[in-house]
Each structure stands twice: as C-alpha cells, then as structure tokens.
2 protein chains.
Amino acid sequence: MVERHHLEIMRSVERQGSLTAAAEQLHLTQSALSHAIRKLEQQLGTSVWLREGRQLRLTQAGHQLLALANRLLPQFEHAEMQIHQIAQGQRGSLRVGMECHPCYQWLLRVVGPYLQQWPDVDVDVKQEFQFGGMGALFGHDIDLLVTPDPLHKPGVRFEPVFDYEQVLVVSEDHSLADEKWVEPHQLEKETLITYPVAVERLDIFTRFFLPAHTAPARHKTIETTDIMLQMVAAGRGVSALPRWLVDDYARNMPIRALKLGQQGMPKQIFLGFRERDEAVDYLNAFVKLARSIRWN
Amino acid sequence: MVERHHLEIMRSVERQGSLTAAAEQLHLTQSALSHAIRKLEQQLGTSVWLREGRQLRLTQAGHQLLALANRLLPQFEHAEMQIHQIAQGQRGSLRVGMECHPCYQWLLRVVGPYLQQWPDVDVDVKQEFQFGGMGALFGHDIDLLVTPDPLHKPGVRFEPVFDYEQVLVVSEDHSLADEKWVEPHQLEKETLITYPVAVERLDIFTRFFLPAHTAPARHKTIETTDIMLQMVAAGRGVSALPRWLVDDYARNMPIRALKLGQQGMPKQIFLGFRERDEAVDYLNAFVKLARSIRWN
DNA sequence: ACCTGTCCGTGAATATTTTTCATGATTTAG
DNA sequence: CTAAATCATGAAAAATATTCACGGACAGGT
C-alpha cells in the first residue's frame with residue numbers, strides 16, 4: 001500500500017518545493033511521480049495534496065504521510081548503512097563462550113583492546129552451555145569458544161593463543177611453600193580446591209594425580225577465584241591455577257606458586273570457531289589480537 | 001533498496017517459520033519470495049539467512065532486517081489506518097482561530113464536549129494572525145474562525161452560533177449600579193476599559209458612543225478579562241462585556257451588569273469556515289454543537 | 001538404505017507495475 | 001497577452017514482480 005517509494009516522493013516534494021524539482025532529484029520524470037501519487041491517492045481514498053494553481057498544499061493525510069516519511073526514511077537509510085557494514089565485516093557482534101573459569105580473567109585483558117580496535121563490534125560473553133562449548137558453537141549460540149581443551153571436529157578450527165603454566169598455589173605458611181616443585185604424593189594429605197567442574201576436565205587430576213595413582217585427601221569446589229585464593233591463603237587447602245593469575249594475586253596475598261612436577265604443567269588456551277566464519281574480519285582480528293597479547 | 005515488501009517477507013518468514021508458509025500467508029508463491037530475497041541479498045551484498053538443510057537461520061544482516069521490519073511495519077500500518085480515518089472524516093485536526101477576546105471563554109465550553117464526541121480530532125486554538133482571521137482562514141493556517149464580525153466573502157461561510165447581550169459592567173458602589181440601563185452621555189466622565197484592539201472593532205464605540213456623538217473621558221486597555229473585572233470592581237472604570245461572562249464572575253465579585261441603552265446591545269458569535277470544508281464531518285459537527293450549547 | 005514428502009533455489013515465461021513520452025490544461029510573471 | 005513553468009493524463013515502452021515447472025537437498029519413516 002504505502003511504499004517506501006511514496007515516502008521518498010513526499011519528502012522530496014517537500015524539500016524541493018515542486019513535483020518537477022523532486023522528480024529531477026529522484027532521477028525520474030515529473031510524470032512518474034504524478035502517476036505514483038495518483039495511484040496512492042486512489043488506494044488511500046483521499047488526496048495527498050491539493051492542487052492550487054501550480055502550488056501543492058498538503059492535506060491532513062498528506063501531512064501524516066510526510067511525518068511518516070521523515071520518521072521512517074532515516075531508519076531505512078540507517079539500517080542499510082549498518083547492513084552494508086556488516087556485509088563488509090566491519091560491524092557485527094561477537095558472542096564469546098568460555099569453558100574454563102580462569103579464562104575469564106584472561107579474556108578481560110583481550111576484550112578491552114579489541115573493543116578499541118573494532119568500535120562497531122559488540123562483544124558478548126556467555127558461560128553456560130546446555131550442550132557444551134562445542135554444541136554452542138555448532139548451534140550458533142556463540143561464535144568463538146575459549147577453552148583449554150580443543151576438541152577437534154570437522155567444521156571447527158582451534159587456534160592456540162596463549163601458553164601458560166598451571167601451578168600449585170599454597171599459603172606462604174605451608175610446609176611446601178619454599179619448594180621449587182611438588183610431586184603428587186606430597187599432596188596426599190592435602191585438601192584440593194577446584195572450580196566445580198567434572199574431574200575429567202581438571203588437568204590436576206588427569207595429568208598429575210592419576211598418572212601417579214594417587215589423589216589428595218579431600219576435594220572441595222569453589223565458584224570464584226577470589227574466594228578460592230582467600231581459602232588457600234588461610235591455609236585451608238591448595239589449588240591449581242595459571243601462574244599469571246597467581247602472580248597477579250600474590251602481590252596482595254600471602255600465597256606462593258609451585259611447579260606441578262619437576263617439569264611443570266604447561267597449558268594452552270585455544271580459541272575455537274566455525275570454519276565457515278574463517279573469513280569474518282572481526283573474528284579473525286580477535287584471534288590475532290588474542291595471540292599477540294603478552295603478560296610481562 | 002530495502003522495500004516495505006522485503007520487510008513483510010522477513011516478518012512473515014519469521015512468524016510462519018518457512019518460506020513456503022510465509023508465501024501462503026502473503027498470497028504469493030514460495031518462488032516469488034525466494035526471488036525477492038535473492039535480489040535483495042545481491043543488492044545488500046550479503047545473504048539474509050543461511051540455508052541449513054531445510055532450515056533458514058538469520059545472519060546478522062538478517063537480524064537487522066527483521067528488527068527493522070518489526071519496528072517499521074507497525075508504523076506503516078498505523079499510519080495507513082489513521083489516514084483511512086482521515087479520509088472518512090473521522091479523524092483530523094481542527095485549528096480554531098479567534099478574533100475576539102471573550103470568545104475564548106465561550107470556546108472553552110464548546111471544546112470540552114466536542115473532544116468527547118470526536119476523540120480522534122485534535123483541537124488547536126490560535127489567537128494571533130498576521131493577516132487577520134480571514135487571512136488565516138484563506139491561508140489554511142486555521143480551519144475555523146470564531147468572530148463577532150462576519151466579513152462575508154466568496155469562499156467562506158459564516159454561521160451564527162451564539163446570541164448574547166453585551167452589557168456595561170460597573171462596580172456595586174458605582175452611582176449607576178442600580179440603574180436598569182445607561183445612556184451614552186451618562187458615561188462622559190467615566191474611564192472605559194477594553195481589550196487592546198482597534199477602536200473600530202469595539203461595538204461599544206461603533207454602536208453606542210459614536211451614534212450619540214459622545215465618548216468616555218478616558219480609555220484604558222487591559223489584556224485579560226480577570227484583571228479587567230478586578231479593575232471594574234475596584235471602581236477604577238467601567239467595561240463592556242458579554243452578559244453571560246459577567247454573570248459568571250458576578251457570583252464572586254462586587255459588580256453589576258447594566259443594559260447598554262434601553263434596548264440593550266444584542267450580539268452574536270459567528271463561526272466562519274471555507275466552503276470547501278463544508279463536507280468535512282468533524283468541522284460540521286463542531287458548528288452544530290456550538291449552536292446547540294446554551295447558557296442557563 | 002531407500003523411499004517420500006517437504007523444503008528451497010533457479011531459469012524461462014508471463015503478468016503486472018513503473019516509467020517515459022507526448023501532450024494538454026492551468027497558472028504566474030513580465 | 002505571451003512565455004515559462006507547473007501538474008495531469010493516456011498510450012507506449014521498459015522494468016519488475018510473479019508464476020510455472022523443474023531440480024536438488026534433507027528429514028523422517030519404513
């Protein structure tokens with residue numbers, strides 16, 4: 001019925017002052033506009049303007065239409081511009097999913113600079129997935145997965161972006177506090193504090209205790225890193241965390257970091273994304289930026 | 001570029017869940033929609049949804065479009081409905097112009113009931129006209145002119161809507177306070193207070209003093225009726241006003257109304273409008289309602 | 001694994017709509 | 001009163017939208 005085209009005509013006629021001038025501005029003939037409006041008037045059942053000599057004066061219906069044009073046309077134009085930006089990968093929204101607790105601390109450092117570089121990209125972080133991080137990736141609930149466990153499958157690609165060392169955190173007063181490293185059996189009497197995730201996903205078990213066929217005496221879970229470290233500082237248990245994270249906290253807390261085994265436990269953070277999105281500029285840029293960020 | 005039609009498709013596909021179902025709802029074939037969107041995608045430079053098996057999933061551009069559709073389509077529809085009402089004279093805006101000061105008091109009593117009867121008509125009152133009330137009427141600045149002086153010209157019609165008597169207002173303490181009527185020469189020593197308009201437009205001069213070849217001693221002008229009557233009550237002068245207005249104020253003020261001459265001075269309020277608008281329902285209804293209102 | 005029904009995409013044919021062209025009627029300015 | 005400018009109109013041409021008739025892909029049932 002009322003089409004965008006009609007609104008363009010209304011606006012142009014208002015701005016240019018005459019049908020003829022408007023036609024020129026719209027790269028059409030005066031006749032085309034005349035026909036277009038005439039048809040609209042027939043459909044609306046009322047005229048849009050009154051022909052008074054060579055002047056056109058808007059009727060009430062005409063005023064409504066003009067108001068509509070002034071309201072809607074900018075929205076059309078803005079949306080088109082935005083979609084254009086999206087088409088060129090300059091604008092978008094990046095939904096980041098995370099599968100590891102301390103990853104969040106790391107992510108925060110990446111997101112800041114990223115938002116500066118890509119002011120037109122929104123970053124959204126999600127932490128709960130019904131079908132796991134991979135499920136969320138495949139189900140398009142997220143566009144990027146931050147995880148320490150790359151689960152290679154066709155359709156997704158994982159890129160390592162950050163190497164770090166997982167360390168054991170103990171209180172300054174702990175008997176092991178001055179050791180360079182710990183062996184599994186040294187923790188047989190300890191309380192281990194971890195995030196509340198399945199044991200299979202805890203490297204401290206899969207790569208440290210299990211190979212040595214031992215385990216800590218007790219296992220507690222705590223949601224947040226801050227409280228976890230408070231507990232460790234208070235001598236209520238030990239925990240395994242990234243070294244960069246511990247170093248950060250150690251400035252204000254009586255805690256120490258120890259290597260897990262003589263060689264330490266190297267870990268990596270990976271970014272996973274759908275291969276289809278490989279060409280998406282702002283996603284690629286995120287991966288690149290993430291890789292370039294260093295902790296001193 | 002992005003047309004209303006595309007928005008309709010986006011919305012319908014979202015609601016119906018598939019192109020085929022949307023096509024049915026829009027009374028088109030699935031092929032038509034497919035072609036339409038394909039062309040749009042080419043113009044935008046990005047696809048609107050991804051074909052995943054038989055599922056369509058919106059891209060970011062698609063989400064933008066859908067959001068646009070949900071925002072703009074209701075506005076299109078609302079505007080069309082409104083214009084339809086305008087076309088049938090059920091809705092409009094009535095711009096009322098006034099040429100006489102006390103007319104405003106009268107108008108207020110008409111507008112209330114009118115707004116009740118015509119909830120879809122907006123009433124706007126204007127009091128200042130660059131080229132007089134008639135000019136405003138011809139220039140389409142107003143649709144209705146309230147005036148005591150019908151100036152008949154081709155193209156406009158005037159309808160008398162209210163008969164009343166213009167009376168002299170004096171203080172209760174005035175020497176004439178208990179007279180039934182006054183003659184012009186009795187006011188030769190008085191101060192006359194009027195609204196600030198040209199003397200030719202004041203009936204008290206043209207119909208009362210001038211025929212008797214006399215005039216009041218002093219002439220002051222005051223903008224507002226309230227202050228004017230305060231002055232009269234205080235014995236600072238006399239004034240000429242409609243009887244219904246004076247009766248209203250006299251309940252709380254020490255003032256009296258006297259006939260101007262033995263016969264009194266009958267007056268009328270007229271409503272003027274363009275003959276072209278004669279068929280406009282809500283305008284006609286205003287005139288009719290104005291005529292029917294009585295003061296008891 | 002193999003139908004089967006359903007969905008979407010595509011190219012050619014067709015239908016519809018938009019635009020132009022050519023012209024006339026009306027009005028304003030000089 | 002003429003000249004220039006404006007908008008309206010009908011017919012012709014151009015452009016666009018829609019349908020038709022397919023084909024390929026996929027999910028669900030057997």
Side-chain angles (χ1 to χ4, degrees), chain A residues 1-59 61-62 65-66 138-140 154-155 276, chain B residues 1-59 61-62 65-66 69 76 138-140 154-155 276:
Chain A
M1 198 92 162
V2 175
E3 296 296 330
R4 176 176 181 175
H5 189 209
H6 298 127
L7 301 185
E8 304 265 19
I9 295 175
M10 295 301 298
R11 181 172 70 175
S12 187
V13 167
E14 175 73 7
R15 288 184 179 172
Q16 309 293 322
S18 80
L19 257 193
T20 313
E24 189 171 357
Q25 197 220 341
L26 297 173
H27 305 296
L28 289 168
T29 61
Q30 169 269 321
S31 176
L33 303 204
S34 191
H35 281 297
I37 293 296
R38 210 169 80 92
K39 193 173 168 196
L40 177 66
E41 287 178 332
Q42 286 174 350
Q43 288 180 325
L44 291 176
T46 178
S47 64
V48 160
W49 42 53
L50 299 171
R51 287 72 177 169
E52 303 207 330
R54 74 208 319 183
Q55 283 270 310
L56 298 181
R57 207 213 343 286
L58 291 174
T59 60
L65 272 180
L66 181 59
F138 273 112
H140 285 259
R276 277 194 162 181
Chain B
M1 199 90 160
V2 176
E3 296 296 329
R4 175 175 181 175
H5 189 206
H6 298 126
L7 301 185
E8 304 266 18
I9 296 175
M10 295 302 295
R11 180 172 71 175
S12 187
V13 167
E14 176 72 8
R15 287 185 179 171
Q16 309 293 320
S18 79
L19 257 194
T20 314
E24 190 170 358
Q25 197 220 339
L26 297 173
H27 305 297
L28 289 168
T29 61
Q30 169 270 319
S31 177
L33 303 205
S34 192
H35 281 297
I37 294 296
R38 208 169 79 93
K39 192 172 168 196
L40 176 67
E41 288 178 332
Q42 286 174 350
Q43 288 180 325
L44 291 176
T46 178
S47 62
V48 160
W49 43 52
L50 299 170
R51 287 74 178 168
E52 301 211 329
R54 66 191 357 173
Q55 283 270 311
L56 297 181
R57 206 211 359 281
L58 291 175
T59 60
L65 271 181
L66 180 60
F76 272 108
F138 272 113
H140 284 259
R276 277 194 163 181

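A note on names: the letters A, B, ... follow the listed sequences, proteins ahead of strands, and every chain is numbered from 1.
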Undergrad: Does B:Arg38 have any side-chain hydrogen bond (donor to acceptor under 3.5 Å, both in side chains) partners at least two apart in sequence or in another chain, and if so, which?
TA: none

Undergrad: For the NE2 atom of B:His5 and the CG atom of B:Leu33, what is their distance to the nearest 0.5 Å?
TA: 6.5 Å

Undergrad: Which value, rounded to the nearest 0.5 Å, describes the distance between A:His6 atom NE2 and B:Arg4 atom CZ?
TA: 10.5 Å

Undergrad: Quick one: list whatever passes side-chain contact (heavy atoms from CB on, under 4.5 Å) with B:Ser12, sequence neighbours left out.
TA: B:Gln16, B:Ala22, B:Gln25, B:Leu26

Undergrad: Heavy-atom contacts under 4.0 Å between residues 3-23 of chain A and DNA chain C, which residues?
TA: A:His5

Undergrad: Listed by chain and number, what are the side-chain hydrogen bond (donor to acceptor under 3.5 Å, both in side chains) partners of A:Gln30, not counting sequence neighbours?
TA: none

Undergrad: Residues from residues 38-50 of chain A sitting under 4.0 Å of DNA chain C, heavy atoms only?
TA: A:Lys39

Undergrad: Which two nucleotides bound the region of DNA chain D that has atoms under 4.0 Å from heavy atoms of chain B, read 5' to 3'?
TA: D:dT16 to D:dA27

Undergrad: Provide the full list of salt bridge (Lys or Arg N to Asp or Glu O under 4.0 Å) pairs with a residue in residues 9-34 of chain A, sequence neighbours left out, each pair given once.
TA: A:Glu8-A:Arg11, A:Arg11-A:Glu77

Undergrad: Check side-chain contact (heavy atoms from CB on, under 4.5 Å) between B:Ser47 and all other residues, then give those that pass, not counting sequence neighbours.
TA: B:Glu41, B:Leu50, B:Arg51, B:Thr59

Undergrad: Taking only residues two or more places apart in sequence or in another chain, which ones pass side-chain hydrogen bond (donor to acceptor under 3.5 Å, both in side chains) with A:Glu52?
TA: A:Arg57, B:Arg276

Undergrad: Can you measure B:Ile37 atom CD1 to C:dC7 atom P for me and round it to whole angstrom units?
TA: 18 Å

Undergrad: If you measure from CG on B:Leu40 to CD1 on B:Ile9, what distance do you get to the nearest 0.5 Å?
TA: 8.5 Å

Undergrad: Once rounded to the nearest 0.5 Å, what's the spacing between atom CD1 of B:Ile37 and atom CG of B:Leu44?
TA: 9.0 Å

Undergrad: If a protein heavy atom is under 4.0 Å from the base, mark B; if only from the sugar-phosphate, S; if neither, -; do that for nucleotides 21-30 of chain C going 5' to 3'.
TA: B-----SS--

Undergrad: Decide side-chain contact (heavy atoms from CB on, under 4.5 Å) for B:Phe76 and A:Leu7; before the verdict, give the C-alpha distance in whole Å, the side-chain angles of both, and the deciding distance to 0.1 Å.
TA: CA-CA 11 Å; B:Phe76 272 108; A:Leu7 301 185; 3.8 Å; yes

Undergrad: Please check this pair: side chain of B:His35 against backbone of B:Ala32, looking for a donor-acceptor N/O pair closer than 3.5 Å.
TA: no

